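One structure is given below, encoded as structure tokens.
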Protein chains: 2
Amino acid sequence: MPEDRLSTTLSALADPTRRAILARLSLGEASVGELAEPFDMSLPAVSKHLKVLERAGLISRGREAQWRPCRLEAAPLRDINSWLDSYRRFWEEKFDRLDLYLQELQKGNPDAEKN
Amino acid sequence: MPEDRLSTTLSALADPTRRAILARLSLGEASVGELAEPFDMSLPAVSKHLKVLERAGLISRGREAQWRPCRLEAAPLRDINSWLDSYRRFWEEKFDRLDLYLQELQKGNPDAEKN
DNA sequence: TTTCTAAAAAACCTTTCAGTTAAATAACCT
DNA sequence: AGGTTATTTAACTGAAAGGTTTTTTAGAAA
């Protein structure tokens with residue numbers, strides 16, 4: 001049971017429907033019906049997705065007559081970004097000389113000494 | 001069935017055990033046994049976690065005698081980072097004047113005009 | 001060959017997840 | 001009040017997730 005914030009956020013995002021909903025909300029508030037419209041899916045299904053996003057803090061909801069407008073809340077995304085920071089160096093090709101050397105050795109590259 | 005890369009990656013990361021494994025691997029290669037050691041969990045369970053990480057492209061495995069050393073592969077993390085880019089502006093408080101204005105209006109702030 | 005160690009695969013179990021349809025709420029509009 | 005619209009809740013289903021124990025596989029070392 002992933003009760004930690006990061007797990008909750010990541011698993012909320014690990015669904016294409018929910019990410020599409022967030023993308024839509026990045027353009028501005030929308031009601032449940034508006035959000036559901038693009039999907040070939042029942043309305044209760046979308047409502048559940050919204051509940052998951054809300055529990056993850058990724059959206060918040062207002063009340064306006066019979067509509068419950070949703071809006072994007074980006075704070076959890078920032079947290080993911082922070083978590084990613086620890087790994088940024090691994091994809092930014094900013095490996096230092098030793099790392100490169102070890103990499104070449106592992107490939108069995110006979111020119112490894114050149115580095 | 002989340003067959004898209006991003007969903008696969010995010011759901012692989014949505015588990016604290018798997019994130020801990022990645023954190024360990026960010027320090028260098030490790031065997032399955034070494035990776036399993038910190039967890040109060042059977043070895044096959046860890047082996048399954050590794051398979052999930054491997055399917056997501058987050059680790060790769062070599063063969064060295066009877067050990068199968070794992071190493072971190074950061075490319076999928078970079079992809080998540082790219083995806084996050086679309087939302088960066090939402091948490092970076094770099095809202096432009098119009099956004100601020102709309103925000104204030106929504107709060108019913110009577111000083112909204114000042115912006 | 002036997003034996004030990006590292007890891008994976010198989011079979012199973014329980015819980016969670018994503019969807020469904022049908023019923024309940026809630027607020028608006030006559 | 002009665003009806004329409006927007007959304008949620010309830011009850012159910014099938015599939016996937018995450019764990020277990022037991023059995024195989026593969027290589028090292030006797």
Side-chain angles (χ1 to χ4, degrees), chain A residues 1-25 28-72, chain B residues 1-22 24-25 28-72 76:
Chain A
M1 43 291 286
E3 204 50 45
D4 61 294
R5 296 293 297 144
L6 209 44
S7 296
T8 302
T9 304
L10 287 165
S11 86
L13 294 174
D15 181 290
T17 302
R18 288 193 290 260
R19 288 198 307 279
I21 289 173
L22 290 186
R24 167 63 187 78
L25 288 178
E29 288 196 2
S31 70
V32 177
E34 288 168 337
L35 290 172
E37 197 270 325
F39 301 106
D40 184 18
M41 190 184 297
S42 72
L43 225 110
V46 172
S47 188
K48 280 190 185 182
H49 280 304
L50 292 174
K51 190 149 60 179
V52 172
L53 290 170
E54 190 178 30
R55 286 199 59 247
L58 284 160
I59 67 171
S60 60
R61 306 203 235 189
R63 319 242 150 159
E64 219 157 308
Q66 66 259 207
W67 291 273
R68 245 130 293 182
C70 304
R71 63 180 150 288
L72 179 63
Chain B
M1 44 292 282
E3 202 53 42
D4 62 294
R5 296 294 297 144
L6 209 45
S7 296
T8 303
T9 304
L10 287 165
S11 87
L13 294 174
D15 181 290
T17 302
R18 289 194 288 261
R19 287 199 308 280
I21 289 173
L22 291 186
R24 167 63 186 78
L25 288 177
E29 288 195 4
S31 69
V32 178
E34 287 168 338
L35 290 172
E37 196 271 325
F39 301 107
D40 185 18
M41 190 183 297
S42 72
L43 224 110
V46 172
S47 188
K48 280 190 184 179
H49 280 304
L50 291 173
K51 189 149 63 181
V52 172
L53 290 170
E54 190 178 30
R55 286 199 60 246
L58 285 160
I59 67 170
S60 61
R61 305 203 237 189
R63 318 242 150 159
E64 219 157 310
Q66 65 260 201
W67 290 273
R68 246 131 294 183
C70 303
R71 62 180 153 288
L72 180 63

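Basis for what follows: all heavy atoms, side chains included, without hydrogens, waters or symmetry-related copies. A note on names: the letters A, B, ... follow the listed sequences, proteins ahead of strands, and every chain is numbered from 1. Here the structure is a predicted model, which means the values were calculated and not measured.
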Open item on the list: I'd like to check the salt bridge (Lys or Arg N to Asp or Glu O under 4.0 Å) partners of B:R19; sequence neighbours left out, ordered by chain and number.
Closed with: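 With sequence neighbours excluded, B:R19 shows a salt bridge (Lys or Arg N to Asp or Glu O under 4.0 Å) to A:D4, given in chain and number order.
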- [ ] Enumerate the residue pairs fulfilling salt bridge (charged side-chain N to carboxylate O under 4.0 Å, His left out) with a member in residues 36-51 of chain A, sequence neighbours excluded, ordered by first and then second residue.
- [x] none
Open item on the list: So which atom in B:A30 and which in B:L25 form the shortest heavy-atom distance, rounded to 0.1 Å?
Closed with: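 In this case the closest contact between B:A30 and B:L25 is N-CD2, 3.8 Å.
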TODO: Calculate, to the nearest 0.5 Å, the distance between atoms CD1 and CG belonging to B:I21 and B:L72 respectively.
DONE: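 Going from the CD1 atom of B:I21 to the CG atom of B:L72 covers 12.0 Å.
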TODO: Can you measure from OG1 (B:T8) to CG (B:L53) and round to the nearest 0.5 angstrom?
DONE: 12.0 Å
Report, one pair per line, the protein and nucleotides 21-27 of chain C atoms (nitrogen or oxygen only) whose separation is under 3.5 Å.
none

Identify each donor-acceptor pair in which a side-chain atom of residues 55-66 of chain A lies under 3.5 Å from a protein atom, sequence neighbours left out, and give them as a table.
| from | atom 1 | to | atom 2 | distance (Å) |
| --- | --- | --- | --- | --- |
| A:S60 | OG | A:E73 | OE2 | 2.7 |
| A:R61 | NE | A:E54 | OE1 | 3.3 |
| A:R61 | NH2 | A:E54 | OE1 | 3.1 |

Open item on the list: If the condition is side chain to side chain contact (heavy atoms under 4.5 Å, CB included), which residues does B:A45 pass it with, not counting sequence neighbours?
Closed with: B:M41, B:S42
- [ ] Decide side-chain contact (heavy atoms from CB on, under 4.5 Å) for A:C70 and A:L35; before the verdict, give the C-alpha distance in whole Å, the side-chain angles of both, and the deciding distance to 0.1 Å.
- [x] CA-CA 9 Å; A:C70 304; A:L35 290 172; 3.9 Å; yes
For [N], take OP1 and OP2 only and decide whether either is under 4.0 Å from a side-chain N or O of [X].
X: A:K51; N: D:dT9; answer: yes
X: B:H49; N: D:dA17; answer: no
X: A:T17; N: C:dA18; answer: no

- [ ] Can you sort out which residues in residues 54-63 of chain B have a heavy atom within less than 4.0 Å of DNA chain C? Ascending by number, please.
- [x] B:R61
- [ ] Starting at atom CZ of B:R19, determine the distance to atom P of D:dG18, rounded to an integer number of angstrom.
- [x]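 These atoms are roughly 12 Å apart.
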- [ ] Report the distance from atom CG of B:L13 to atom P of D:dG18, rounded to the nearest whole Å.
- [x]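 In whole Å, D:dG18 P lies 12 Å from B:L13 CG.
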TODO: Measure from the side-chain heavy atoms of A:V32 and tell me the nearest of D:dT7, D:dG18, C:dA6.
DONE: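 Comparing D:dT7, D:dG18, C:dA6 against the side chain of A:V32, the answer is D:dT7.
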Task: A:W67 side chain, from C-beta outward: closest of C:dT20, D:dT7, C:dA18 - done: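 The closest nucleotide is D:dT7.
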